[in-house]
Amino acid sequence: MPARSSTSASATPDVLSLRSALLGWYAAHQRQLPWRQDRDPYRVWVSEIMLQQTRVAAVLEHYRLFLEAFPTVAALAAAPEQHVLALWSGLGYYRRARMLHQAAKLVVAQFLGRIPTDLDSIRALPGVGRYTAAAIASIAYGLRAAVVDGNVERVLSRLDGLSRPDAAVWRRAAELLDPLHPGDWNQAMMELGATVCTPQNPQCLVCPVHGWCRAPGAETRRPQPARKRLQLTCALIKRRRGFCLVKRPPDAAQMPGMWELPEVVPSDRQTPICLVRHSITDTNYEVHVVSVPIKALTLLGPQPAWLCFSSWELWSLPLTGVTRKILRKLAIH
DNA sequence: CATTCGTGGCA
DNA sequence: TTGCCAAGAAT
């Protein structure tokens, strides 16, 4: 991939050399990631949805299994939602999976299974906002749309030595965008933010654009919401047919339709099995897992019908993250 | 426009 | 152990 930058008339020599420096660095140092194998719009799309607020390391395995199960838009559109959620299990932000599924059905129905090629139509897909639309358009189709994510915002604020309102950040990103390599430029900006221009301990000594930077390594901390702390007790109920799980109600605020261990009222008659710490958005949970004699079972609150699954069946369900963590810890496979 | 939605890894 | 996040979008 050439590290040339554009000779667009409006760009100053300074911007041209900045582009060249960053693109050259990206060509040499980019991570080899599965969604960079090609520019298949579907693969790019899935990766961008999975990467929303989620680290690369957490995405890799889910991405592999997801594309194995749903290699095309049509395959995804044809799948039952529970199957889609099962493959998303553990990634978090499950609404992303539902919207991706919904969007896939829409693409099949309205666009003959082809992901639209113009920015506005991409942006109109469920789950695709301003960032994701620009990412897909530039990476898959080479359209001149700049992205602004957390990385880009931090890189730009250090580069220019000032923080701007949102609208101005998008304008600045568009100004710097390399018109000849928009996809590589966008990914280079994000890659720099993710690996060099990090929030803490930025590696300014190896930064390819250090010479253009007004405020190298400037602090960019954001205020953090206070975490609540909650204890609860879940029951592992073993029966001949397997283990009992409950399905979260379809209208639940969090993780509707996903399966988990039933919550029970703590009591002395329960045998403690393990303790798991888990955080969900603004709450830190301490989950006590107990074994309960079936006769002494008292579920907490109105629990919908529960079902039993064999240990191998469990893992094809859309389990919540904490449930996966518990079952893994108890070596139930 | 402020809130809400998950999770795991690492300093 | 605890706190700090990470390639945002929808409402």
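To find a chain, count down the sequence lines: A is the first, B the second, and so on, and within it residues start at 1. This is a predicted model, so every value here is computed, not measured.
Atom CG of A/L319 sits about 6.5 Å away from atom CZ of A/R324, to the nearest 0.5 Å. The structure places CG of A/L261 at 12.0 Å from OG1 of A/T233, a figure rounded to the nearest 0.5 Å.
Rounded to whole Å, the distance from CG on A/N186 to P on C/dG8 is 13 Å. Distance A/D282 CG to C/dC4 C1': 15 Å, rounded to the nearest Å. Look at CG on A/N284: it is 9 Å from C1' on C/dT2, rounded to the nearest Å. The distance from atom CZ of A/R229 to atom C1' of C/dT1 is 10 Å, rounded to the nearest whole Å. Distance CD1 (A/I280) to C1' (B/dG6): 7 Å, rounded to an integer number of Å. A straight line from CD of A/Q52 to P of B/dG8 spans 18 Å, rounded to a whole angstrom. Between the NE2 atom of A/H278 and the C1' atom of B/dC5 there is a distance of 12 Å, given to the nearest Å. Taking atom OH of A/Y131 as the reference point, atom C1' of C/dA9 lies 13 Å away to the nearest angstrom.
Distances shown here put every side-chain N or O of A/Y93 at or beyond 4.0 Å from the OP1 or OP2 atom of C/dA6. Between A/K325 and B/dT7 there is no side-chain N or O to OP1 or OP2 distance below 4.0 Å. The side chain of A/Q53 contributes no N or O atom lying less than 4.0 Å from OP1 or OP2 of C/dA6. Taking side-chain N and O atoms only, A/R277 has no distance below 4.0 Å to OP1 or OP2 of B/dG9. Within the 4.0 Å cut-off from OP1 or OP2 of B/dC5, at least one side-chain nitrogen or oxygen of A/Q254 is found.
If you check every strand for non-hydrogen atoms under 4.0 Å, A/A57 touches nothing. Contact annotation for A/V152: no contact, since no heavy-atom pair falls under 4.0 Å across all strands. The residue A/R130 sits close only to the backbone: its heavy atoms come under 4.0 Å of sugar-phosphate atoms, none of a base. Nucleic acid contact for A/W88: none, since no nucleic acid atom lies under 4.0 Å from a heavy atom of the residue. Within 4.0 Å of A/M50, counting heavy atoms only, lies no atom of the nucleic acid at all. A/T320 comes within 4.0 angstrom of sugar-phosphate atoms only, judged by non-hydrogen atoms across all strands, and of no base. Note on A/G193: nothing from the nucleic acid sits closer than 4.0 angstrom, heavy atoms only. Within 4.0 Å (heavy atoms only), A/L91 reaches at least one base atom of the nucleic acid. Nucleic acid contact class of A/R36 (heavy atoms, under 4.0 Å, all strands): base.
Atom P of C/dA9 sits at a distance of 23 Å from the matching atom of B/dG8, rounded to the whole Å.
Comparing atom distances between the A/R328 side chain and each of C/dA9, B/dG8, C/dC5 picks out B/dG8 as nearest. Comparing C/dG8, C/dC5, B/dG8 by their closest approach to the side chain of A/D149 singles out C/dG8. Minimum atom distance to the side chain of A/T281 is reached by B/dC5, of the listed C/dC5, B/dC5, C/dG8. The side chain of A/M255 lies closest to B/dG6, out of B/dT4, C/dT2, B/dG6.
By the 30° and 60° cut-offs, the orientation of the rings of A/W315 relative to A/H333 is tilted.
Screening A/Q254, A/K228, A/R227 for a side-chain contact (heavy atoms from CB on, under 4.5 Å) with A/T283, the sole residue that qualifies is A/K228. Looking at A/C213, A/C207, A/P216 one by one, the single match for side-chain contact (heavy atoms from CB on, under 4.5 Å) with A/R158 turns out to be A/C213.
A salt bridge does not link A/R171 with A/E175: none of the charged nitrogens is closer than 4.0 Å to a carboxylate oxygen. Salt bridge present: A/E81 and A/R98 bring a charged side-chain N and a carboxylate O closer than 4.0 Å.
Looking at A/R96, its side chain has no donor and acceptor atom pair within 3.5 Å of the base of B/dC5. For B/dG6, its base sits under 3.5 Å from the side chain of A/T54 at one donor and acceptor pair at least.
Heavy-atom nearest nucleotides on DNA chain C were determined for A/G127 and for A/L33, and the one closer to the 5' end corresponds to A/L33.
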